[in-house]
Amino acid sequence: MYVIIVGAGRVGLKLTQSLVQEGLNVTVIEENENIVEDVAHEVNAMVIQGDATSVKVLEDADISDADVFVAVTGKDTVNLLTCVLSMSYNNISKTISRVNDLDHIKAFKNAGIDLTVSPESTVATYLERIITKPKIADLLVLGRRSTELLEVKIENKDLFGKNVLDYSPTENFIVCAVYEENQLIIPQKNTVFHENQKISVLTKSDYVQEVTNFFAP
C-alpha cells in the first residue's frame, strides 16, 4: 500500500513512523524546508519539500500510484484543498483529513472527504489503524462521511465505577478505548469508568453533541 501524507508536523511525523514500521510505502510532503531536513533524517520514507496544493508537487509524489491520501497540516485550507485535488485521481481509495477548527467539519464532509479527525494527541495512532487494518477502516467510513472519532473526558459522576460495556456499544456510538495511566485499553468485561478518565468514542455525526453531553455534562 502506498500512502501520501501532507504535513510533517508532530502528527504527520508520528504517523509516518508508524506506517513505515508496518511496512507501508510512504511519501511525505512538507512546505517548510527546515522541517523537511529534520524529518528526512528521522524516517525511512521519501520526503518532498513543496506546496501540496500544487498539482505538480502531488505528481512529483507519484499521486497516481497512491492508495490513501492523508492531510494533517495545521491549516484547514491546505488540508481541504489537497484532499479535494487528490479525489481527481481514481486510484485514491481513501481520503483522510485533520480538521483544526471544528466549525469546518461540515465543509470537509460536504467536500466528500472520507474521514475527518480532530487534532487530539491520539490522532496519529488511530490513522495508522485506519490505514493498515481494513476491517476497522470499513467500520469508520460505514455510512460514508457520517461518523466522528471523539476524545472525551469522563465528567458524568453517574458513570464513575460503572462497567464500560454496560453503556457501549449502542446504535449511535461505541467506546473504542479508555486510557488508564496513559495506557490505551480496549474495553473488557472488567473495564470501568473513572473520574477525569479520557475515552475515545466512535459516534454517528448527528449524535456528537448528545454523546459529548452524556459523558461530560
### Message
Ignoring hydrogens and geometry beyond distance, is a side-chain donor-acceptor pair present between Thr170 and Asn172 at under 3.5 Å?
### Response
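The answer is no; no qualifying pair exists.
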
Provide the closest heavy-atom pair for [X] versus [Y] in the form atom of the first, atom of the second, distance.
X: Ala177; Y: Pro187; value: CA-CD, 3.9 Å
X: Leu85; Y: Ala52; value: CD1-O, 4.3 Å
X: Pro217; Y: Glu155; value: CD-C, 4.2 Å
X: Leu80; Y: Ala107; value: CD1-O, 4.5 Å
X: Gln197; Y: Phe193; value: OE1-CA, 3.3 Å

### Aromatic plane relationship, Phe173 with Phe215 - under 30° parallel, 30 to 60° tilted, over 60° perpendicular
perpendicular

### Task
Could you point out which residue of Val68, Asp67, Asn91 forms a side-chain contact (heavy atoms from CB on, under 4.5 Å) with Tyr2?
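The option that passes is Asp67.
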
Supply the atom-to-atom distance [X] [atom1] to [Y] [atom2], rounded to the nearest 0.5 angstrom.
X: Thr53; Y: Leu81; atom1: OG1; atom2: CG; result: 5.5 Å
X: Met46; Y: Thr16; atom1: CE; atom2: OG1; result: 13.0 Å
X: Leu24; Y: Met1; atom1: CG; atom2: CE; result: 6.0 Å
X: Ser200; Y: Ile186; atom1: OG; atom2: CD1; result: 9.0 Å

### Query
Within a strict 4.5 Å, meaning less than it, do heavy atoms of the Val6 and Val70 side chains meet?
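A side-chain contact is absent here, since even the closest heavy-atom pair is not under 4.5 Å.
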
### Message
Let me check something: do Ile96 and Phe69 share a hydrophobic cluster, defined by ILVMFWY side-chain heavy atoms less than 4.5 Å apart, either directly or through other members?
### Response
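Not linked; separate clusters.
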
### Task
State plainly whether one hydrophobic cluster holds both Val20 and Val72, where clusters connect Ile, Leu, Val, Met, Phe, Trp and Tyr through side-chain heavy atoms under 4.5 angstrom apart.
yes

### Criterion salt bridge (charged side-chain N to carboxylate O under 4.0 Å, His left out) on Lys56 and Asp60, from CA distance to verdict
CA-CA 6 Å; Lys56 182 180 183 304; Asp60 286 344; 3.2 Å; yes

### Query
Can you tell me if Glu210 uses its side chain to pair, donor with acceptor, with the backbone of Tyr207 under 3.5 Å?
no

